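For this chain, numbers begin at 1 and follow the sequence in order. For ligands, and for the atoms within them, numbers begin at 1 and follow the listed sequence. In this text, all values refer to a predicted model and were calculated from it rather than measured experimentally. Note that these values count all heavy atoms, side chains included, but never hydrogens, waters or copies made by symmetry.
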Amino acid sequence: MERSKAIAATLALALGTGTAGAAQWNMATPYPDATFHTQNIQQFAEDVAEATDGELEITVHSAGSLVKHPQIKRAVQTMQVQAGEVFISLLGNEDQVFAVDSIPFLATSYEDAERLWEASRGAIEERLADDGIRLLYAVPWPAQGLYTSREVDEVSDLEGLKFRAYNPTTSRLAELTDMVATQVEVPEIPQAFSTGIVEAMITSPSTGANSKAWDFVDRFYDIQAWLPKNMVIVNEQAFGGLDEGSREAVLEAAAKAESRGWEMSRAEAAEKKAILEDNGMEVLQPSEALMSGLNEIGATMTDEWLEKTGADGEAIIEAYRQ
Ligand code: PCA
């Protein structure tokens, strides 16, 4: 099937008869429509449709409605869908390189996050290319903070908390702080809290505000722990099957979406913290003791990651620290 399509496309090109018709892509994303990442992707899809005069139509299936988050990368790889969005560090067990995106307290500002992205993008692109996937762009979430009703003045105060994890790194962080972790995807956060499966989480003001965190916790500690990214990916064969004009349109729209997304993220950080406060949550600066304890754990986790990744990891951290 793919082969004959490719042959037809090549023939059409050689004969100058143009393409066989408009391409339709399905794109699976994990987060709800009100998420700025999802809105940015919708804009990306519109930009592509406009730039290609409708030759490439991308239909976005958000909130894990078509494919659940843990299966999205594989679904793109096997062409169940042509494109998708994945939280990079969700793939940390599949390949440790992806975990660099969520090492606690390694990169804690937008400037650091940009440098870390520059230092790690090549390695991440290579891993995806091995699986026939092309990376189009990545956008960070605002800095991650701690949501809990418990007063937390130092790391030992975290002990025993039922903690919502979202990737292998946050599960490890829970282990090192004696919390009890359960992995929960964003659409299920309210239910996980209301049923008592979890009582604390570390995530952005965006996800906290969109999940109405004030319904289940009182405090937001602004620990600025890391700025993890979502990446938008496409099956390489699907991409290669487009005519040249459409390929260029996709790449241009992706570059625009990347810079627009980083801007949206910066704006979100303050906006969504204000919403937490407006709804009665306490937005708190962490104590020095809490921060120094967390920074120690961050250093441990950087070391652990370097041990697992060896020369590959060292090259990334070295480039980042330069
Ligand atoms: N929101 C997503 C990933 C990071 C973030 O800020 C989540 O909580 O799963």
Please collect all side chain to side chain donor-acceptor pair (under 3.5 Å) contacts where either partner lies in residues 293-309, sequence neighbours excluded, each pair once.
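For residues 293-309, and leaving out neighbouring residues, the side chain to side chain donor-acceptor pair (under 3.5 Å) pairs sorted by first residue read Arg172-Glu304.
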Can I get a per-line list of side-chain donor-acceptor pairs under 3.5 Å for residues 276-288, giving both atom names and the distance, sequence neighbours left out?
unit_1, atom_1, unit_2, atom_2, d
Asn279, ND2, Ile275, O, 2.8
Ser287, OG, Asp153, O, 2.5
Ser287, OG, Leu290, N, 3.0

Determine whether a donor-acceptor pair (N or O, by modelled atom type, separation under 3.5 Å) exists between the side chain of His69 and the backbone of Leu90.
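Checked: no pair found.
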Distance only, no hydrogens: is a donor on one side chain within 3.5 Å (strictly under) of an acceptor on the other, for Ser102 and Ser89?
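Their side chains do contain a donor-acceptor pair, which is all the 3.5 Å distance test asks for.
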Would you mind writing out the side-chain donor-acceptor pairs for residues 211-220 within the sub-3.5 Å range, not counting sequence neighbours?
unit_1, atom_1, unit_2, atom_2, d
Ser211, OG, Thr207, O, 2.4
Arg219, NE, Ser149, O, 3.1
Arg219, NH1, Tyr221, OH, 3.4

Trp141 and Tyr31: aromatic ring centres closer than 6.0 Å?
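Trp141 vs Tyr31: aromatic centres under 6.0 Å.
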Would you mind listing each N/O atom of ligand 1 next to any protein N/O under 3.5 Å, plus the distance?
unit_1, atom_1, unit_2, atom_2, d
ligand 1, 1 (N), Thr203, OG1, 3.1
ligand 1, 1 (N), Thr207, OG1, 2.7
ligand 1, 6 (O), Gln144, NE2, 3.0
ligand 1, 6 (O), Thr203, OG1, 3.1
ligand 1, 6 (O), Ser204, N, 3.1
ligand 1, 6 (O), Ser204, OG, 2.6
ligand 1, 8 (O), Arg164, NH1, 2.8
ligand 1, 8 (O), Arg164, NH2, 3.4
ligand 1, 8 (O), Thr203, OG1, 2.7
ligand 1, 9 (O), Arg164, NH2, 2.7

